[in-house]
Amino acid sequence: MTQIRLRNSMTRKVEDFTPIDAQNVRMYLCGPTVYDRAHLGNARPVVVFDVLYRLLRHVAKENGWGKITYVRNFTDVDDKINATALARQKAGAEGSLEDLIRARTEETIGWYHADMDALGALRPTYEPRATDYIGAMIAMIEKLVGEGHAYAAEGHVLFRVRSYQKYGALSGRTVDDMIAGARVEVAPFKEDPMDFVLWKPSDANEPGWDSPWGRGRPGWHIECSAMSYELLGASFDIHGGGIDLQFPHHENEIAQSCCAHPEGSFANYWVHNEMLQVEGKKMSKSLGNFFTVRDLLDQGVPGEVIRYIFLRTHYSKTMDWTDEKRRDAYNRLYRWREELTGVKPSKPDEKIIDALANDLNTSEAARLLDVIFLQWMQSKSDVSSPRETEANEAKFVASAHLLGLLLPTTGEWFSKQFDFGVLENQLSELRDTAMETKDFSKLDAMKQVLVAAGVEVRMSKAGVELLPGPDFDPAKLEGL
RNA sequence: GGCGAGUUGGCGGAGUGGUGACGCAGCGGAUUGCAAAUCCGUGUACAGGAGUUCGAUUCUCCUACUCGCCUCCA
C-alpha cells in the first residue's frame, strides 16, 4: 500500500490522497487553447500531471484500485482562433468560417499531440473539445439561471458571484477585496463587478451556436465545468492546472459547478504547478525569450531532455529554463541511453515511488536515479556480483520509465545518430601512424575540427569512438 | 492597493529541531601520445534581525529582496 500525498491548493496543506471511488480514480487537467503551437510553459503541467498519472496507474496495481480516468480538454472556442480563421478567409481560403476554425484547431491539436508525445506524455483517457460540449454548457447555464445563480443581460449571461458564498476560497480572496483592488473596466450590464460571463453574443464574423439567449458562444470557464461533469461526474478526485489559472478560471469553475450541482463536491484535491521562466525572466514575446516546444525539438533538444529538466524542479516552484540545464540534461540522458538502451525493466525502486508519492517530489526521484546509476556503475566494475549489476540496471530502467524517461518511444534522438564510421576509421589510421612516427600534428588537427563541431572524441587502447555532443553541428565537419 | 509563493555552497536543487542530499562546475589523483570520457578523492551554504529551545538552516514574529496572480495566459 502506497499512500500518495498531495499539496491541496484549497487547504494549502499536504494531504493524504484518498480516492472517492477506488475503482475509478478521476483527474481533470485544464488543457490548451488550440490557437497555436504550445510554448514551453504549456508543457510543464502536461509533464507534471503525466508523472501523477503514471504514479496513480502504478499505485493502482499495488493498492487494488481500478482504472484511472484522466481528462484533459482542448479549448477550441477562442478569439485568437477566430482571428486566424477570419484572416485565412480574407486571404481567400475556401470554406465557411466554421470550417476554417475547425481546420485551424485540427491543425493545432495535431501539433500539440506530436509535441507532447515527444515529451513522453501519455495521452489522457479523454480529450474533449469544447465545441463538442456546447449543449452541455447551455444546459448547465440554463440550470444556473433557473436557480438564480446567473442572469441574462444584453445578450450575455453572467454568473452572479454573490450567490456563491464560498467564492474566493481557492485563491484566498474575498469578493470585496477584489473589487477594492480591481483595475478593470466593468461592463455596465453587470450587477456586480466580479460577475463573469457564461455566454456571450456572437456577430456574423464569430462562431456561434443557437441558445435561449440568442446566437452566441460560451465564456471561457464554463467548458471545464460542463466537460468535467459529463466525463467525471459532480465529484471527482483531482483537478490540476497552472497556478495562473487558480484565479479566476478555477475559482469560476468551482462556483459554476458547485451551484449547478450542489449534490457534488466538484474537485477534492487541487494541484497547481508554478510558472516557468527563461534565464531568470518571465517568458514573453516582448523579451524575445519566447519559444515553443517545437522550437526546441527542431534545435535538436530531445523531448525527454526537456522532460528531465522539468522533473528536476518540484512542480510547486518556479522553474528556470537555462542553457546550462539543457546541456547538463542532454549529457546525462545521453549517458543513460548509451549504457542502458535495450535493458529490460524490472520494478521501480521503492524509494523513488515513495518520493513521488510524497507530493510528486520528482527532484528527489531524479537524485535517487543518480544514486542507483552510480551503484550500478560501481557494481559493474566489480565482476564478482553480476546479479547485483543486472538487478540495478533493470531497476534503474523501470524507475526511469515510471518518470517517463528512457522510454523506447522517445529514444529516436539517440538511435538516429550521425554515422561516424568513416571518420572513426580515418582518425584511427591517423592515430596509428602518429603513434609510430611520434608526429601527432595531423591527428591533433583532425581532432580539433571534430571537437569544434561538437563531437566527443574518445580514444583509448580499445580504439577510437566518436559521439555527437549536445552542440554537434554536422555542417562543421565539411572538409574532413 | 489586495492576495499568494519564495530567498540553501560558484551554479542547479532536495531535506531535516542536534555528525549539512545529489548533480554540474572547481581542485587533486588514476587513465591517455596530449585530451575527452570514465573511475577515486576533496573544499565551500541554509537572506538579515529577534524570539521559542539544552540546541534551529529546519518552529514563531519582524525586516529586506525576488517572483507570480488580481486582464488573455500553463
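Below, chains carry the letters A, B, ... as their sequence lines are ordered, and counting in each starts from 1.
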Based on Watson-Crick and G-U pairs with both distances under 3.5 Å, what dot-bracket line describes RNA chain B 5' to 3', crossing pairs as [ ] and inter-strand pairs as |? (((((((..(((.....[...))).(((((.......)))))....(((((..]....))))))))))))....

Remember a base hit wins even if backbone is also touched, and classify Leu40(A) as base, sugar-phosphate or nothing at under 4.0 Å, heavy atoms. nothing

Within the pair Thr313(A) and rG13(B), is there a side-chain N or O less than 4.0 Å away from OP1 or OP2? yes

Protein N or O to nucleotides 39-43 of chain B N or O, pairs below 3.5 Å:
from, atom 1, to, atom 2, distance (Å)
rC40(B), OP1, Gln378(A), NE2, 2.8

If the P atom of rC11(B) is compared with that of rU19(B), how far apart are they to the nearest Å? 24 Å

Taking only the side-chain nitrogens and oxygens of Asn331(A), find out if one of them lies under 4.0 Å from OP1 or OP2 of rC24(B). no

For the ring pair His239(A) and Tyr269(A), is the centre-to-centre distance below 6.0 Å? no

For Val71(A), the option from Cys30(A), Pro124(A), Pro128(A) that meets side-chain contact (heavy atoms from CB on, under 4.5 Å): Pro128(A)

Using the C1' atom as the reference point in each nucleotide, state the distance between rC34(B) and rU8(B) in Å, no decimals. 40 Å

Of Ala366(A) and Lys317(A), the one whose nearest nucleotide on RNA chain B sits closer to the 5' end is Lys317(A)

Taking rA47(B) as the reference, what is the distance to rU57(B) when you measure between their P atoms (whole Å, please)? 9 Å

Polar atom pairs between nucleotides 32-36 of chain B and protein, under 3.5 Å, N or O only, would you list them?
from, atom 1, to, atom 2, distance (Å)
rU32(B), OP1, Lys461(A), NZ, 2.7
rG33(B), N1, Asp444(A), OD1, 3.0
rG33(B), N2, Asp444(A), OD2, 2.9
rC34(B), O2, Lys447(A), NZ, 3.0
rC34(B), N3, Lys447(A), NZ, 2.6
rA35(B), N6, Met459(A), N, 3.3
rA35(B), N6, Met459(A), O, 2.2
rA35(B), N1, Val457(A), O, 3.4
rA35(B), N1, Met459(A), N, 3.1
rA36(B), N3, Val457(A), O, 3.4

Give a yes or no on whether a donor-acceptor pair under 3.5 Å exists between the nucleobase atoms of rA74(B), that is its base, and the side chain of His39(A). yes

Using heavy atoms to find the nearest nucleotide of RNA chain B for Arg312(A) and His221(A) separately, return the residue whose nucleotide is more 5′. Arg312(A)

rC72(B) and rU16(B): how far apart are their C1' atoms, nearest whole angstrom? 42 Å

P atom, rG6(B) versus rG23(B): distance in rounded Å? 27 Å

For the pair Thr125(A) (side chain) and Thr69(A) (backbone), establish whether a donor and an acceptor sit closer than 3.5 Å, ignoring hydrogens and angles. no

Picking from rG13(B), rA74(B), rC72(B), the nucleotide nearest the side-chain atoms of Lys325(A) would be rG13(B)

For rA74(B) versus rU58(B), give the span between their C1' atoms, rounded off to a whole number of Å. 32 Å

Suppose we call two aromatic rings close when their centres sit under 6.0 Å apart. Are His250(A) and His221(A) close by that rule? no

I'd like to know if Asp79(A) pairs up with Arg217(A) as an ion pair, taking the criterion as any Lys NZ or Arg NE/NH1/NH2 lying under 4.0 Å from an Asp or Glu carboxylate oxygen. yes

Checking all strands, does Gly41(A) fall into the base, sugar-phosphate, or nothing category for heavy-atom contacts under 4.0 angstrom? base

Please give the distance between the P atoms of rC27(B) and rA35(B) as a whole number of Å. 13 Å

Is the Phe472(A) to Phe420(A) ring centre distance short of 6.0 Å? yes

In whole Å, measure the gap between the C1' atoms of rC22(B) and rA14(B) for me. 8 Å

Ala365(A) and Leu356(A) have their tightest heavy-atom pair at CB-CD2, 4.0 Å

Can you tell me the distance, in whole Å, between the CD atom of Gln246(A) and the P atom of rG4(B)? 10 Å

